[in-house]
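Report on one structure; see the data block that follows.
For the numbers below, each heavy atom of this structure counts, side chains included, while hydrogens, waters and symmetry mates do not.
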Amino acid sequence: MSPTPHEIFTSGAPHYARYQPRYPRGLYDHLTEKFELNGTQTALDLGCGPGTLALPLSRLVARVIAVDPEPGMLEAGATIAERQNVDNIQWKRGGSSDLRALGIPPLDLCVMGRSFHWMSREQVLADLDGLVNPQGGVVLVATTPSETEWSRAVDGVRERYRTHPGGGDDGSRPEPQEPNREILRRSPFPRVTAEHWTYRIDRTLDEVVGLQFSHSSFTPARLGGRKDAFERDLRTALADLGPNGRFEQTVRTEALTATRRHRAPRPG
């Protein structure tokens with residue numbers, strides 16, 4: 001019997017929280033400057049996962065509302081928040097289509113990480129138009145790792161374990177054909193700017209392997225009885241490719257910041 005979407009994401013949540021790369025400090029400096037964050041604002045992290053964006057953002061605003069459809073992701077995020085003594089995040093179960101029903105207060109900012117392509121993008125932006133204040137905006141954050149010899153070896157193993165080799169992400173929604181930037185330009189938030197940061201990540205072999213279990217195609221529930229073989233094949237493929245057991249990679253994070261055409265001045 002195939003695992004349910006809930007089982008897939010719940011089994012991957014701890015790996016996602018632990019092994020997915022963190023966003024760079026420059027991103028939060030950018031948000032602070034662009035939206036004049038001073039600890040008084042309310043922000044929404046839509047499709048929050050385990051709080052990869054919500055947790056650092058919570059230190060810059062008064063409140064973060066973190067919304068995700070998967071309880072396992074919310075539980076992982078709440079556990080991390082408790083461990084870090086963060087008490088200004090409200091974790092809400094829901095999807096992008098639930099925005100009007102979730103009782104979300106007026107917002108100064110909405111951020112989305114690796115979640116926007118799962119959504120009905122035009123409808124989400126239309127719904128956010130009724131929630132985000134005139135000075136606020138929407139920020140889409142995406143991270144792209146560089147290709148390396150060791151990442152190609154990982155891709156080779158992953159391809160052998162896909163449900164449909166050569167196909168998409170085994171049940172996850174494919175990347176949309178129309179770029180997010182164009183969707184934003186047609187939305188109530190048509191002023192779009194882009195910022196990016198490039199940096200290096202250094203992982204151990206265990207971290208590279210753990211990262212694979214965070215992806216929807218390769219969570220423990222998705223792999224089922226093939227999990228141990230998948231891990232064994234990964235370790236074999238990577239055995240001689242990491243100098244001193246380290247696996248370096250360049251990562252590029254991009255933020256698309258979208259605001260209204262005419263931003264009203266802030267009161268006061």
Side-chain angles (χ1 to χ4, degrees), residues 1-20 22-23 31 41-133 136 138-143 169-173 176 180 213-222:
M1 181 180 297
S2 299
T4 66
H6 170 68
E7 291 169 335
I8 290 169
F9 283 100
T10 297
S11 71
H15 302 280
Y16 195 106
R18 182 171 180 181
Y19 296 113
Q20 280 287 339
R22 301 296 180 260
Y23 296 113
L31 296 178
Q41 290 82 8
T42 297
L44 169 67
D45 183 358
L46 184 57
C48 64
T52 309
L53 272 169
L55 286 157
L57 185 59
S58 70
R59 297 176 173 85
L60 305 175
V61 298
R63 174 169 57 158
V64 176
I65 300 167
V67 174
D68 198 278
E70 295 302 327
M73 289 292 187
L74 297 172
E75 291 166 9
T79 297
I80 298 170
E82 183 176 6
R83 187 185 312 139
Q84 296 181 0
N85 296 316
V86 173
D87 60 4
N88 63 336
I89 301 178
Q90 184 179 5
W91 304 92
K92 280 181 171 284
R93 184 181 181 184
S96 58
S97 60
D98 302 320
L99 280 175
R100 295 181 180 180
L102 286 173
I104 294 174
L107 300 170
D108 299 284
L109 173 64
C110 175
V111 297
M112 288 175 267
R114 303 171 182 88
S115 58
F116 193 51
H117 76 282
W118 287 83
M119 304 175 187
S120 176
R121 295 178 292 170
E122 293 91 343
Q123 185 60 56
V124 168
L125 293 168
D127 289 344
L128 287 171
D129 186 35
L131 292 171
V132 176
N133 73 36
V138 175
V139 180
L140 308 180
V141 186
T143 295
D169 199 28
D170 296 345
S172 65
R173 179 173 293 186
N180 288 336
F213 294 129
S214 73
H215 298 299
S216 60
S217 295
F218 306 104
T219 67
R222 171 80 76 179

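Distance check, rounded to the nearest 0.5 Å: CG of Leu44 to CG of Asp108 gives 11.5 Å. From Asp127, atom CG reaches atom CD of Glu122 across 12.0 Å, with rounding to the nearest 0.5 Å. Atom CG of Leu99 sits about 11.0 Å away from atom NZ of Lys92, to the nearest 0.5 Å. Going from atom CE of Met119 over to atom CG of Leu46 covers 3.5 Å, rounded to the nearest 0.5 Å.
The two residues Ser96 and Val124 make their nearest non-hydrogen contact at CB-CG2, 3.4 Å. Taking both residues in full, the closest heavy atoms of Ser58 and Val64 are given as CA-CG2, 3.7 Å, listed atom of the first, atom of the second, then distance. Of all non-hydrogen atoms in Arg222 and Phe218, the two that sit nearest each other are CG-N, 4.2 Å. Residue Gln20 comes nearest to Arg22 through the heavy atom pair O-NH1, 2.6 Å, listed as atom of the first residue, atom of the second, then distance. Between Leu53 and Met112, the shortest heavy-atom distance links the atoms CD1-C, 4.0 Å.
Contact of the Trp91 side chain with the Cys48 side chain is registered, since non-hydrogen atoms from C-beta on lie closer than 4.5 Å. Between Asn88 and Val86, some side-chain heavy-atom pair lies under the 4.5 Å cut-off. Proximity of Glu75 to Glu70: side-chain heavy atoms (C-beta onward) are nowhere separated by under 4.5 Å.
At distances below 3.5 Å, at least one donor-acceptor pair connects side-chain atoms of Asp68 with backbone N or O atoms of Gly49. Remark: the backbone N or O of His117 is not paired with any side-chain donor or acceptor of Arg121 at under 3.5 angstrom.
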Q: Start with the C-alpha gap between Leu140 and Val138, add the side-chain angles, then the distance that decides, and say whether side chain to side chain contact (heavy atoms under 4.5 Å, CB included) holds.
A: CA-CA 7 Å; Leu140 308 180; Val138 175; 4.2 Å; yes
Q: List the steps and the verdict of side chain to side chain contact (heavy atoms under 4.5 Å, CB included) for Leu57 and Tyr23.
A: CA-CA 11 Å; Leu57 185 59; Tyr23 296 113; over 6 Å; no
Q | Steps toward side chain to side chain contact (heavy atoms under 4.5 Å, CB included) verdict (Leu109, Gln41) | A | CA-CA 8 Å; Leu109 173 64; Gln41 290 82 8; over 6 Å; no
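Partners of Thr10 under the side-chain hydrogen bond (donor to acceptor under 3.5 Å, both in side chains) rule, at least two apart in sequence or in another chain, are His6. Annotation: ring-ring contact (aromatic ring centres under 6.0 Å, His included) contacts of Phe213 (sequence neighbours excluded): His15, Phe230. With sequence neighbours left out, Ala13 forms a side chain to side chain contact (heavy atoms under 4.5 Å, CB included) with Met73, Ala76. Remark: Pro105 pairs with Thr42, Arg63, Ile65 by the side chain to side chain contact (heavy atoms under 4.5 Å, CB included) rule, at least two apart or across chains. For Asp98, the side chain to side chain contact (heavy atoms under 4.5 Å, CB included) criterion is met by Leu102, not counting sequence neighbours. Looking at residues two or more places apart in sequence or on another chain, you find a side chain to side chain contact (heavy atoms under 4.5 Å, CB included) between Ser11 and Thr219, Pro220, Ala221.
Residue Arg114 qualifies as enclosed at atom CZ: its count of foreign heavy atoms under 6.0 Å is above 12.
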